[in-house]
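In what follows, a structure is listed as C-alpha cells, so that the remarks can point back to it.
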Amino acid sequence: MRPVKIAMLSLTHGHTRKYYQTLNDNPKLDWVAVYAEDETVRKNFLAWGYNVPCYLTEKEMFEKHPDIEAVVMASANIKHIGQFRECAKRGIHVLCMKIPTFDMQEYDEIISLVKESGIVCQVELEMHYNPVVKRLYELAAANVLGKISSINATNITLSPIWAFPWQGIPEDSYGKRIKLKKGDHRFRGGALADHPHIFDLIRWMTGSDFDFIYAEAGPNIRKDIQVEDNLLVNGKMKNGVSFLLDPSWSRLEERLKVPAPGWEIFPKRMEVNVTVSGENGIMLVDCFGPNVYHNGKPNDRYTVQYTYFDEWIGLMDEFVSCIREKKTPKINLEWHRKTIQAMNACYDSISKGNVVHI
Amino acid sequence: MIKQNMNVEEALAGLLIKYEIKPVKPFHLEKKKATEGLVLLPGYEFIEQVTGDNEIPLLPWRLRRKFVELKKIVDDSVIEDACLYRFCCMGSKDKWTLASLFYRELDLFEFIGNSRVTAVNTIMADNEAGSAIATLESGVICSIEVSTQVPPGTVMVDRHEIIASRGVASDQPVDTQVPMSSIYCYTKNGENRFTDTDFELFDLDDLQIDQVRSAFQVLKNPDLGKQWHKQHTHLMQLVQAVFESDKKHEKIKI
C-alpha cells in the first residue's frame with residue numbers, strides 16, 4: 001500500500017505530541033510537513049528532533065508540498081471550520097481533533113464540505129483504540145452483565161490550559177463567549193469541552209442515544225480561570241439506561257507552559273473509570289491502569305507513570321485504511337454529531353438549572 | 001467467556017507485515033514445530049540445553065511496558081541512587097519452575113539495575129519455593145522471592161520495588177499486596193478479571209504478548225538476538241549459582 005503523505009496543522013492542540021511517534025514510525029504514513037502557529041510552537045516542535053519541515057503559515061506548507069494527501073488538524077476548536085474549508089477545497093483528508101465545533105450550523109457545514117469534496121474525515125476519539133475499552137465493549141456485546149441498568153463514568157484530568165491556553169479562552173474553545181448561567185462569571189468551553197469520550201462511550205455501549213440530561217457545575221477549583229473546571233452530569237438513554245458522568249478538570253496541576261514530568265499535583269493526572277451495573281452483576285473498569293508508581297523527581301510526589309498502550313497507533317491505522325480503501329471511519333462526523341449535541345445539552349442544562357430533553 | 005483465537009506465530013507474522021520487516025529466515029515460536037529456521041522462545045526454555053545458532057533465547061519481560069517504565073525511571077534518574085531492590089514472583093507450576101522464575105527475576109534485576117550480579121545467596125524449600133539475595137557490581141542488593149505453589153490457572157503474582165536515596169518506584173501502588181487488573185467483573189459466576197495491554201495483539205495473554213513483541217524486536221534487529229544469546233549464557237551461570245548456593249549453604253560469587 002502506498003504510504004499516505006500526511007502533515008499536521010497548527011500544533012496547538014493538547015494531543016499534538018501524541019501523534020509524533022506514530023507519524024514517524026508507521027510505514028503506511030509519509031510524514032512530509034508541519035505547520036506551526038507561531039515561533040514558540042515551532043521551537044517546541046523542533047526540539048523533538050524530527051526531520052520534518054516546519055512552516056509558519058498553512059499556505060506556504062501547502063504550496064511547498066502539493067502532494068499532501070491528509071492532515072492531522074491539531075488546532076484550537078475555533079480554527080477547525082476555516083481549516084476544513086481549506087482542506088475540502090484542496091481535497092485533503094482530515095483527522096480532526098475531538099471537537100470539530102460546538103456550533104451546530106458550522107457542524108452541518110463541515111458535514112457538507114466533507115460530503116461534497118469526497119474527503120475522509122475521522123474524528124479523533126482515541127479511546128476506541130484502547131485495549132481495555134475494546135475488552136469493555138466485547139464484554140458488553142457478550143451480554144456478560146445481562147440487561148444494563150446504569151453506566152457511571154469519569155473522565156477527569158488536570159487542566160491543560162496553562163500549556164494550551166486556547167482551552168481556557170471561551171471563544172477559542174467553545175466558539176463563542178456564552179455565560180455558563182445567569183449571574184455566573186464563567187463561560188462555556190472548559191472541562192466539559194475537553195471531555196467528549198465518555199459521552200461517546202455510553203452511546204457505543206448501549207447502542208442507544210441520549211434521552212434527557214441534567215448537568216450542574218460546581219464552584220471552580222481554580223478561581224482565576226474564565227471557564228468551568230468541574231461539573232457533574234446525569235440522565236437517561238433512550239433505552240432506559242441511567243448514567244452519571246464526571247468530565248471535570250478535578251486533578252490539580254503545576255502551571256507549566258510545556259507538559260513535562262511533574263505536571264501533576266494529584267498522583268494520577270488522567271482517569272477514565274467506568275462502572276457498569278446490570279441484572280447479572282457489576283463491572284469496574286480502569287481504562288488507564290494498572291501502571292507503575294514513584295515518588296521521585298522533579299517534585300518527590302507520589303506519581304502514576306502510565307503504561308497504557310499507545311492509542312494513536314490504532315487510530316492512525318484506521319485513518320489510513322479509510323483513505324486507501326475508501327471506507328467511512330467508525331467515528332465519523334454524522335455519528336459524532338449526537339455526542340456534540342449531548343454536550344451542548346449539558347451546557348443548556350447548567351444554564352437553565354434543569355433537565356434538558358434531547 | 002471470551003475466546004482466545006489468535007495464534008502467536010500468526011500474530012508475529014501480522015506485525016512483521018505491518019511494519020515491513022522481512023525476517024532473514026523462517027521462524028517458529030513453539031519448540032515442537034521447529035524443523036528448520038529460527039526458534040524464538042523465552043530463554044528459560046533453553047536452560048537444560050546448549051543453544052544452537054538457530055535457537056534464540058528471548059528475554060520477553062524486557063519488552064513488558066511496566067518494566068520498560070521502571071527502567072526508564074532508574075535510567076532517567078527520576079529516582080536517584082537506587083540502593084535496594086525487592087522482587088517477588090510467584091507462578092503456577094504448569095507454566096513455571098523455580099529455575100525459570102529465578103532466570104526472569106535475575107535478568108530483570110540486571111536489566112533495570114544496569115549492572116551485573118556478582119554474588120547470590122539462596123535458600124530453597126521443597127523444590128517449590130525459594131529466596132535469594134543478589135548483589136550487583138555496584139553493591140546494590142536485591143531480594144528475590146519465588147514460588148511455584150500458586151494453583152494452576154492463577155495469574156502470576158509479582159511485585160518489583162526499587163528503593164533509592166531519592167524516591168521509591170514500584171509496579172504496585174502504595175498499600176496493596178497483589179497486582180491490579182483493568183477490569184473486575186462480579187457476576188453469579190464469581191469474579192472475573194481482565195487486563196488488556198496491547199491493542200495490536202489483543203486477545204493474546206501476557207506471556208504470549210511478551211514473546212511476540214520480543215521476537216519481533218529480534219527479527220527487526222538481529223544484533224539484539226546476539227546480545228540476548230550472551231546474556232542467556234550469563235543467566236544460565238547465575239541460575240546454576242542459585243542452586244549451588246542453596247545446596248552448599250553459602251554465598252556464591254560469580
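Each chain gets a letter, A, B and so on, in the order the sequences are listed, and its residues count up from 1. Given the structure is predicted, the values throughout are model-derived calculations rather than measurements.
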Pick one of side chain, backbone, both or neither for [X], based on which atoms fall under 4.5 Å of a heavy atom in chain B.
| X | answer |
| --- | --- |
| A/Asn130 | backbone |
| A/Pro298 | backbone |
| A/Tyr308 | backbone |
| A/Tyr306 | backbone |

Please report the closest heavy-atom contact between [X] and [Y], naming both atoms and the distance.
| X | Y | result |
| --- | --- | --- |
| A/Asn295 | B/Val168 | OD1-N, 2.5 Å |
| A/Val144 | B/Cys185 | CG1-SG, 3.7 Å |
| A/Ile313 | B/Tyr19 | CG2-OH, 3.8 Å |

How about [atom1] on [X], more than 12 heavy atoms from neighbouring residues, nucleotides or ligands closer than 6.0 Å, or not?
| X | atom1 | value |
| --- | --- | --- |
| B/Lys95 | NZ | no |
| B/Leu207 | CG | yes |
| B/Lys18 | NZ | yes |

Would you compute the distance between atom [atom1] of [X] and atom [atom2] of [Y] and round it to the nearest 0.5 angstrom?
| X | Y | atom1 | atom2 | value |
| --- | --- | --- | --- | --- |
| A/Lys297 | B/Ile79 | NZ | CD1 | 11.0 Å |
| A/Lys28 | B/Glu20 | NZ | CD | 9.0 Å |
| A/Asp310 | B/Arg65 | CG | CZ | 8.0 Å |
| A/Phe309 | B/Leu201 | CZ | CG | 7.0 Å |
| B/Asp196 | A/Lys134 | CG | NZ | 9.5 Å |
| B/Ser182 | A/Leu284 | OG | CG | 12.0 Å |

Report task. Apply the test side-chain contact (heavy atoms from CB on, under 4.5 Å) to residues B/Thr197 and A/Thr307: give CA-CA distance (whole Å), side-chain angles for both, the deciding distance (0.1 Å), then the verdict. Result -> CA-CA 8 Å; B/Thr197 56; A/Thr307 60; over 6 Å; no
Requested in this report: Taking B/Tyr186 for its side chain and A/Asn280 for its backbone only, find out whether a donor-acceptor pair lies under 3.5 Å.
Outcome: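 It does not hold such a pair.
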Query raised in the report: Measuring heavy-atom distances to chain A, does B/Glu191 have an atom under 4.5 Å in its side chain, in its backbone, in both, or in neither?
Result: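 Contact with chain A is absent: no heavy atom of B/Glu191 under 4.5 Å.
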Report task. Flag the one option from B/Leu70, B/Thr195, B/Val174, B/Val68 with the top tally of heavy-atom pairs under 4.5 Å to chain A. Result ->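 Counting heavy-atom pairs under 4.5 Å, the top option is B/Val174.
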Query raised in the report: Of the listed residues (B/Ser77, B/Ala164, B/Pro179), which shares the most heavy-atom pairs with chain A below a 4.5 Å separation?
Result: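 Max contact count across the listed options: B/Ser77.
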**Report entry** side-chain contact (heavy atoms from CB on, under 4.5 Å) between A/Glu279 and B/Thr187, intermediate numbers included
**Finding:** CA-CA 9 Å; A/Glu279 61 182 341; B/Thr187 66; over 6 Å; no
Query - Pairwise side-chain contact, B/Val74 with A/His294, heavy-atom cut-off 4.5 Å (strictly under) - result: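 A side-chain contact under 4.5 Å is absent here.
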**Report entry** Close side-chain approach of A/Glu138 and B/Phe202, heavy atoms under 4.5 Å
**Finding:**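 They are in contact (side-chain heavy atoms under 4.5 Å apart), so the answer is yes.
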Query raised in the report: Do A/Val292 and B/Gln172 pass the side-chain contact (heavy atoms from CB on, under 4.5 Å) test, and can you show the C-alpha distance, the side-chain angles, and the key distance before you say yes or no?
Result: CA-CA 6 Å; A/Val292 299; B/Gln172 276 193 36; over 6 Å; no
Query - side-chain contact (heavy atoms from CB on, under 4.5 Å) assessment of A/Asp300 paired with B/Arg166 - result: CA-CA 8 Å; A/Asp300 305 309; B/Arg166 182 182 183 180; 2.7 Å; yes
